[in-house]
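What follows is a short report on a single structure.
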Amino acid sequence: MGIRGRRQPDFENLALILEKKRPKRPTPFEFMIDEPHLRRLAGSRFRKGGMKEHLTSTIYAFANGGFDYAMVHASQFHFRVGERHRAQSISQNEGALITDRESFDRYIWNDPRDFSLEPLEEAARELPEGMKLIICCPCGVLENVVAIVGYENLCYMAYEDEALVEDIFEQVGSRLVTYCRDALRYDFVGAIMSNDDWGFNTQTMLPPEMMRRYVFPFHKEIVSAAHAAGKYAMLHSCGNYSLIIEDVIEDMKFDGRHSYEDVIEPVETAYERLKGRLAVLGGIDMDYLARSSPEEITQRSRKMLERAQDAGGYALGSGNSIAEYVPFEHFLAMLQVALNG
């Protein structure tokens, strides 16, 4: 596997970062790690199988990688979507199941409480001392609405039938709030990751006023539920956030934000703008990770940790995820900086 200096997990390090403080030591952070890399991190403890096997393999992988947490889904809860062709990306317009009030009335809404949390409970017994789980959503409010309705359809619908759009967002958002509330009751859960891509490189997918009307209220409920449980709430959201960052901090009150791209705003710039107000998680651009040499990745990662050394509120990791196309040795170059300096 090639990781040196594996250490005892301590979720308190990430907690300090989410409180915009200095952690006791440099702290790695990742949202998603694709299976080939998870398999290499977990080693002989990786298991194929059902939900429990996937969860335990993820726990082993994150523990072996030196993380203070493991990022997992709470259950197999999901929303029913139509068929969408997948290549290097997926269409945001294919497979719409709701196009009007009639199709809305026919749509079958899954209930998160119909999906067992028992595999989560069983897998949590494998957590090393000091480690906690972060629960991520089965995609977020806007992402699921787009998957069910189609992006172009949603844009037209927002002007042609506001009541229908409101009803669709209510059905999706309320279920995600329930999913999160149920997961937050466990002591082994330390935080929620509300993952919901909101934008393109230059703007949000919907005008900010529509985001505030339809999307943000449910994220605000999720954050409130986490804080009421004495836990943390993070946002993973791709896209340009310049017009909504105050909503993220002041209205929804997220503790930290993840997903940074050099073409939108390099993490170095974002950190200087956000430090003290919002924890900055990850940020080493995915394209940079894929194309740069391990030596270059090591240098940039060290400089980022040095930048955040005094003010705190930063965890080192990728700008988005460790995709399959990111060479494993490039991932390790960044990870080793967090573990060993």
Side-chain angles (χ1 to χ4, degrees), residues 3 5-33 37 41 58 61-72 130-136 189-195 226 231-238 248-249 254-262 265-286 288-289 297-298 300-322 326 331-341:
I3 293 178
R6 200 181 78 190
R7 57 195 178 186
Q8 183 68 30
D10 183 358
F11 188 80
E12 179 63 16
N13 284 289
L14 186 58
L16 287 168
I17 288 168
L18 292 169
E19 291 171 8
K20 280 70 76 178
K21 299 175 183 175
R22 293 176 59 184
K24 292 177 280 186
R25 52 168 168 73
T27 303
F29 184 89
E30 290 299 338
F31 169 44
M32 293 177 61
I33 303 175
H37 298 323
L41 288 175
T58 302
F62 274 79
N64 286 346
F67 293 85
D68 298 308
Y69 68 93
M71 184 80 66
V72 298
M131 191 178 206
K132 291 196 175 186
L133 296 180
I134 298 176
I135 302 298
C136 61
V189 171
I192 286 287
M193 172 67 88
S194 199
N195 43 297
K231 300 175 184 183
Y232 302 94
M234 295 167 280
L235 172 68
H236 166 89
S237 188
C238 298
V248 172
I249 299 171
F254 277 102
D255 300 299
R257 182 187 182 277
H258 180 254
S259 194
Y260 298 90
E261 297 176 66
D262 287 352
E265 184 178 40
V267 66
E268 292 86 352
T269 306
Y271 177 76
E272 294 301 329
R273 192 160 62 86
L274 298 173
K275 65 182 178 182
R277 302 187 68 208
L278 187 69
V280 174
L281 307 171
I284 305 300
D285 185 80
M286 284 183 69
Y288 182 90
L289 279 176
I297 293 166
T298 295
R300 183 176 181 183
S301 298
R302 282 179 177 160
K303 286 182 178 179
M304 190 60 220
L305 284 181
E306 289 168 3
R307 180 185 292 270
Q309 185 172 1
D310 293 333
Y314 176 73
L316 179 64
S318 71
N320 183 278
S321 61
I322 304 300
V326 174
F331 172 37
L332 287 187
M334 176 180 63
L335 189 56
Q336 293 285 16
V337 173
L339 298 182
N340 305 303

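All figures in this text were calculated on a predicted structure; none of them were measured in a lab.
To the nearest 0.5 Å, atoms NE2 (His236) and CG (Leu281) are separated by 11.5 Å. Distance check: Met71 CE to Thr58 OG1 gives 11.0 Å after rounding to the nearest 0.5 Å. One distance of note links CG of Leu278 with CG of Leu18; it measures 9.5 Å at 0.5 Å rounding. One distance of note links CZ of Phe331 with CD1 of Ile33; it measures 4.0 Å at 0.5 Å rounding. Considering CG of Asn195 and SG of Cys136, their distance stands at 5.0 Å, rounded to 0.5 Å. Atom CD1 of residue Ile249 and atom CG of residue Asp255 lie 11.5 Å apart, to the nearest 0.5 angstrom.
Looking at every heavy atom in both residues, Leu316 comes nearest to Met334 through CD2-O, 3.5 Å. Scanning both residues, Tyr260 and Leu274, for their nearest heavy atoms gives OH-CD1, 3.9 Å. Closest non-hydrogen pair, Gly66 versus Pro28, comes out as O-CG, 3.6 Å. Contact between Lys132 and Phe11 at its shortest, heavy atoms only, is CB-CD1, 3.8 Å. The heavy-atom pair separating Ala338 from Thr27 by the smallest distance is CB-C, 4.3 Å. Taking both residues in full, the closest heavy atoms of Ala315 and Ile17 are given as CB-CD1, 3.8 Å, listed atom of the first, atom of the second, then distance.
With sequence neighbours excluded, the residues that form a salt bridge (charged side-chain N to carboxylate O under 4.0 Å, His left out) with Asp68 are Arg25. For Arg300, the salt bridge (charged side-chain N to carboxylate O under 4.0 Å, His left out) partners two or more places apart in sequence, or in a different chain, are Asp262, Glu268. In this structure, the salt bridge (charged side-chain N to carboxylate O under 4.0 Å, His left out) partners of Lys21, at least two apart in sequence or on a different chain, are Glu19. Every side-chain hydrogen bond (donor to acceptor under 3.5 Å, both in side chains) that Ser194 has, sequence neighbours left out, goes to His219. Partners of Asp10 according to the salt bridge (charged side-chain N to carboxylate O under 4.0 Å, His left out) rule, which considers only residues two or more places apart in sequence or in another chain, are Lys24.
Between Phe62 and Leu41 there is no side-chain heavy-atom pair separated by less than 4.5 Å. Considering only heavy atoms from C-beta on, Phe67 comes within 4.5 Å of Leu335 through its side chain. Counting only heavy atoms from C-beta outward, the side chains of Val72 and Ile135 approach each other to under 4.5 Å. At a threshold of 4.5 Å between non-hydrogen side-chain atoms, the residues Ile297 and Val337 do not count as touching.
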For this session: Carefully, step by step, assess Thr298 and Gln336 under the rule side chain to side chain contact (heavy atoms under 4.5 Å, CB included).
Result: CA-CA 8 Å; Thr298 295; Gln336 293 285 16; over 6 Å; no
Problem set entry | Cys238/Ser259 under side chain to side chain contact (heavy atoms under 4.5 Å, CB included): CA gap, chis, key distance, verdict | CA-CA 6 Å; Cys238 298; Ser259 194; 3.1 Å; yes
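Between the side chain of His258 and the main chain of Ser318, a donor-acceptor pair closer than 3.5 Å is present. Between the side chain of Glu261 and the main chain of Gly319, no donor-acceptor pair closer than 3.5 Å is present.
Sorted by first then second residue, the side chain to side chain donor-acceptor pair (under 3.5 Å) pairs that include residues 273-284, not counting sequence neighbours, are Glu246-Arg277, Glu250-Arg277, Glu265-Arg273, Glu272-Lys275.
Taking the six-membered ring where tryptophan is involved, the planes of Tyr314 and Tyr271 are perpendicular, since the angle between them exceeds 60° and thus also 30°.
The aromatic ring centroids of Tyr69 and Phe29 lie less than 6.0 Å from each other.
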